[in-house]
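Step one of this worksheet: look at the structure below.
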There are 2 protein chains.
Amino acid sequence: MKADRRERLEARARILKALGHASRLMILEELAGGEKCVAELTRAVGADMSTVSKHLALLKAVGLVEDRRQGSQVFYRLLAPCVMGFFDCVESVMASQVQRQIRLVK
Amino acid sequence: MKADRRERLEARARILKALGHASRLMILEELAGGEKCVAELTRAVGADMSTVSKHLALLKAVGLVEDRRQGSQVFYRLLAPCVMGFFDCVESVMASQVQRQIRLVK
DNA sequence: TGCATTATTGGCCAAATGGCAAAGTTTGTC
DNA sequence: GACAAACTTTGCCATTTGGCCAATAATGCA
């Protein structure tokens with residue numbers, strides 16, 4: 001079915017879209033080093049806590065992180081460490097982009 | 001430097017963001033099978049050609065694809081086949097999401 | 001119970017995104 | 001040059017996004 005493919009692609013797109021923001025990437029990088037509470041992540045990102053909380057809600061909604069309440073704090077942890085492996089590929093895209101720019105200048 | 005990290009993350013985010021759309025994923029999937037002209041991609045995506053052209057411009061801007069004019073046609077090809085490897089990871093996120101839903105129902 | 005701490009939610013606004021239609025560009029053909 | 005074909009760009013519009021602030025939970029402690 002054609003609509004079937006669409007749906008699968010949209011599900012994938014939702015997850016990849018969640019990765020398409022610098023603050024969320026920073027959060028994931030932090031979480032790659034172990035679980036952290038919202039306050040810690042807020043400090044790392046450098047935005048309002050409400051903003052960070054929304055980013056976390058989004059990451060959770062797509063299944064990239066999980067949360068755990070402990071007392072008055074909420075700890076988040078990375079559910080899909082494999083996403084960290086994306087970066088090598090992304091870096092290579094960035095690098096070849098630089099090469100192309102150089103070629104254009106020459 | 002702190003701003004340095006931000007910048008790197010934003011560069012990464014731009015590329016990942018470009019992957020966060022079903023139509024663009026479909027385009028990339030098509031291109032994974034070899035270069036294709038805009039008309040072919042338009043047919044595959046099922047949107048207006050102008051819309052597809054914009055998606056292609058975006059993918060090109062972030063360095064994921066390259067274009068080549070041949071006569072009146074423009075052919076696009078995938079520059080970073082490694083992005084296709086993301087999907088396994090993304091699928092695993094989707095799968096564990098389903099598992100979590102099932103756990104909630106039980 | 002009252003109050004502080006930690007986090008989430010709702011309200012609001014500016015900016016970005018994605019879509020089609022119409023106009024413009026480039027190439028090939030007559 | 002005129003016309004068609006293949007794309008791209010521009011214009012416009014509706015929707016989404018991301019940010020802060022203020023208000024609302026939820027927990028811990030005196």
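Just so we're on the same page: letters track the sequence lines, and every chain starts at 1. Everything numeric here is computed off the predicted structure, so don't read it as measured data.
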Measure the shortest side-chain to side-chain distance between [X] and [Y] over non-hydrogen atoms and say whether it is less than 4.5 angstrom.
{"X": "A:Ser23", "Y": "B:Arg6", "value": "yes"}
{"X": "B:Leu16", "Y": "A:Phe87", "value": "yes"}
{"X": "A:Met94", "Y": "A:Val90", "value": "yes"}

Name the closest nucleotide to the [X] side chain, picking from [options].
{"X": "B:Leu58", "options": "D:dC7, C:dG18, C:dA7", "result": "C:dG18"}
{"X": "B:His21", "options": "C:dA22, D:dC7, C:dG19", "result": "C:dG19"}
{"X": "B:Tyr76", "options": "C:dA7, D:dT8, D:dC20", "result": "D:dT8"}
{"X": "A:Asp48", "options": "D:dC7, C:dC20, D:dC21", "result": "D:dC21"}

I'd like a table of atom pairs between the protein and nucleotides 27-30 of chain D - only N or O on both sides, under 3.5 Å - with the distance next to each one.
none

In a table with atom names and distances, give each donor-acceptor pair under 3.5 Å that connects a side chain of residues 71-86 of chain A to protein atoms at least two apart or in another chain.
residue: A:Arg77; atom: NH2; partner: A:Glu66; partner atom: OE1; Å: 2.9

Send over the distance from [X] [atom1] to [N] [atom2], rounded to a whole Å.
{"X": "B:Leu56", "N": "C:dT17", "atom1": "CG", "atom2": "P", "answer": "17 Å"}
{"X": "B:Gln73", "N": "C:dT27", "atom1": "CD", "atom2": "C1'", "answer": "11 Å"}
{"X": "A:Lys36", "N": "C:dA7", "atom1": "NZ", "atom2": "P", "answer": "14 Å"}
{"X": "B:Leu16", "N": "C:dT17", "atom1": "CG", "atom2": "P", "answer": "14 Å"}
{"X": "B:Leu41", "N": "D:dT8", "atom1": "CG", "atom2": "C1'", "answer": "15 Å"}
{"X": "A:Arg6", "N": "C:dG18", "atom1": "CZ", "atom2": "P", "answer": "12 Å"}
{"X": "B:Leu59", "N": "C:dT17", "atom1": "CG", "atom2": "C1'", "answer": "14 Å"}
{"X": "A:Asp67", "N": "D:dA26", "atom1": "CG", "atom2": "C1'", "answer": "13 Å"}

With DNA chain C as reference, determine whether A:Lys17 or A:Met49 sits nearer its 5' end, using the nearest nucleotide of each.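 Its nearest nucleotide lies further toward 5', so the answer is A:Met49.
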
Under 3.5 Å, is there any donor-acceptor pair linking the side chain of B:Lys54 to the base of C:dG19?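 Answer is yes: a donor-acceptor pair is held.
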
Identify the two heavy atoms, one from [X] and one from [Y], that lie closest to each other, and give their separation to 0.1 Å.
{"X": "B:Val52", "Y": "B:Ala47", "value": "CG2-CB, 4.4 Å"}
{"X": "A:Leu64", "Y": "A:Ala18", "value": "CD1-CB, 4.2 Å"}
{"X": "A:Val65", "Y": "A:Leu56", "value": "CG2-O, 4.1 Å"}

Derivation of the side-chain contact (heavy atoms from CB on, under 4.5 Å) call for B:His55 and B:Val45: CA-CA 11 Å; B:His55 283 309; B:Val45 170; 5.7 Å; no

Looking at A:Thr51, does any N or O in its side chain come under 4.0 Å of the phosphate oxygens OP1/OP2 on D:dG18? no

Does C:dT17 have its OP1 or OP2 closer than 4.0 Å to a side-chain nitrogen or oxygen of B:His55? no

So, B:Glu10 and B:Arg14, do they make that salt bridge, N to O below 4.0 Å? no

Interface with DNA chain D, restricted to residues 22-29 of chain A and to heavy atoms under 4.0 Å: A:Arg24

Select base, sugar-phosphate, or nothing to describe what B:Ala47 touches, counting heavy atoms under 4.0 Å on all strands. sugar-phosphate

